[in-house]
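This report refers to the structure that appears directly beneath it.
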Amino acid sequence: MSLEAIRFARSDPTNVQVSVLDQLLLPYLTKYLPIYTISDGYAVIKSMQVRGAPAIAIVGSLSILMESQMMLSNSFDQTQWFYDLLDWEDTRSKLTGRLDYLLSSRPTAVNLSNALKEIAQILKETNDLKQFNSELYNYVCKLIDEDLSNNIKMGDNGAKFLLESLSKEGFNEEFAVLTICNTGSLATSGYGTALGVIRSLWNDSKSKDPKVNTDGSLKPLASADSKMKHVFPLETRPYNQGSRLTAYELVHDEIPATLITDSSVTYRIKTSPYPIKAAFVGADRIVRNGDTANKIGTFQLAIICKQFGIKFFVVAPKTTIDNVTPNGDGIVVEERKPNEMKLVTGTLMNYDEETPALNVSNEPVSAKIGIAPSQINVWNPAFDITPHEFIDGIVTEEGVFTKDESGKFDLTSLF
Ligand code: MRU
């Protein structure tokens, strides 16, 4: 099992190799796709072979690095790419156009847009391709390293905050948590955002015997023993990030979890053996007032949590903050193709009725299965926007933001 969404072999800026795990094939097939150009980056992001706001920004940035490396080594077809390498102004202006093209791959997550703005600035300030390549290399290394360290900080911040607030309320029992979509190692450079908090909570609960996987995905916390005993990931239709990816990560880390359908949340809350005390979700864009775009279904999960008095936390790094848009009305929500709803993408299995586990005895084959009449109209938004009223806390690497007495978030220190 691999939890590495992005493989980036660092050597020197002109000799980098990049590949991404094809997440459309998970959880049964592990295949890495090489990235050589911006077009490759665009394709894997658009098709959702790589997804998750931080991972999209990293892969987009790496694809620019790869294209600049190709130019430096002259190992691409100039007529195909139309760069005039003898003329830096021409190359710079064409590269700027390529950044716009990359940005059009997925519009909602702000991380890619934030990264591309910074890369455009590097492009503006550099005097030749070699300098651009070298500064971009430093930028991408920093982006990746900071993403990982921020995820670990967020994990600890969110876990401590929940434990302390439950304890203040006099609740010291064992509990369970909810999560939607995939916000783990597969959506980031490692550890994850909302799933990172869940990792921290779980590891804390085993702090007497901390278990660190070979890829370092679990990290011991210093605080007192946590009581989080179970995770309920939502399936997350139609792409099924919950069942294909989050379940995969939870199994990998041996965190006790039970997959539930999106429609069974309410009934699960009513019947869970452990009381459900919190939901942790990621974000694709958090705007100035705290309204948050995240995977479709997040808004209704927040409403359900409010109904049951379950704390609802958004977990995201500063790279997910949109400090320009005042509220959620200004967020562009991506609509995906109808076929992503009318067909289920999965892996053909040998299913043995006698054994409880799915049985992959032959080479598994990825397949699309029709589940709706081809003529039906479909509305397939990839995200929804949760108004800040429904959010109890925004967990960042700089701490947990809560609302003031008038019900407003003040996120200005993050801008
Ligand atoms: O469509 P996806 O899979 O890219 O959507 C991902 C999410 O909504 C995540 O919650 C978000 O990007 C945060 S990932 C750390």
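The figures here come from the full heavy-atom set of this structure, side chains too, leaving out hydrogens, waters and symmetry mates. Every number for a ligand or one of its atoms is a count from 1 in the order of the listing.
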Once salt bridge (Lys or Arg N to Asp or Glu O under 4.0 Å) is applied, do any residues pair with Lys318, and if so which ones, sequence neighbours excluded? Glu398

Ignoring hydrogens and geometry, is there a side-chain-to-backbone donor-acceptor pair from Lys403 to Ile391 under 3.5 Å? yes

Does the plane of the ring in His230 sit parallel, tilted or perpendicular to the ring in Tyr274? Use 30° and 60° as the thresholds. parallel

Validation row: Asn157, Lys160 side chains within 4.5 angstrom (heavy atoms): no

Looking only at atom types and distance, does a side-chain atom of Thr246 sit under 3.5 Å from a main-chain N or O of Cys181, one as donor and one as acceptor? yes

Which atom pairs, nitrogen or oxygen on both sides, join ligand 1 and the protein at under 3.5 angstrom?
unit_1   : atom_1 : unit_2 : atom_2 : d
ligand 1 : 1 (O)  : Arg106 : NH1    : 3.3
ligand 1 : 1 (O)  : Arg106 : NH2    : 2.8
ligand 1 : 1 (O)  : Lys295 : NZ     : 2.7
ligand 1 : 3 (O)  : Arg51  : NE     : 2.8
ligand 1 : 3 (O)  : Arg51  : NH2    : 3.2
ligand 1 : 3 (O)  : Gln241 : NE2    : 2.7
ligand 1 : 4 (O)  : Gly52  : N      : 2.9
ligand 1 : 4 (O)  : Arg106 : NH1    : 2.8
ligand 1 : 8 (O)  : Asp284 : OD1    : 2.7
ligand 1 : 8 (O)  : Asn294 : OD1    : 3.0
ligand 1 : 8 (O)  : Lys295 : N      : 3.3
ligand 1 : 10 (O) : Asn294 : OD1    : 2.6
ligand 1 : 12 (O) : Ala53  : N      : 2.8
ligand 1 : 12 (O) : Asp284 : OD1    : 3.3
ligand 1 : 12 (O) : Asp284 : OD2    : 2.9

Pick out which of Asn327, Thr292, Asp291 makes a side chain to side chain donor-acceptor pair (under 3.5 Å) with His388. Asp291

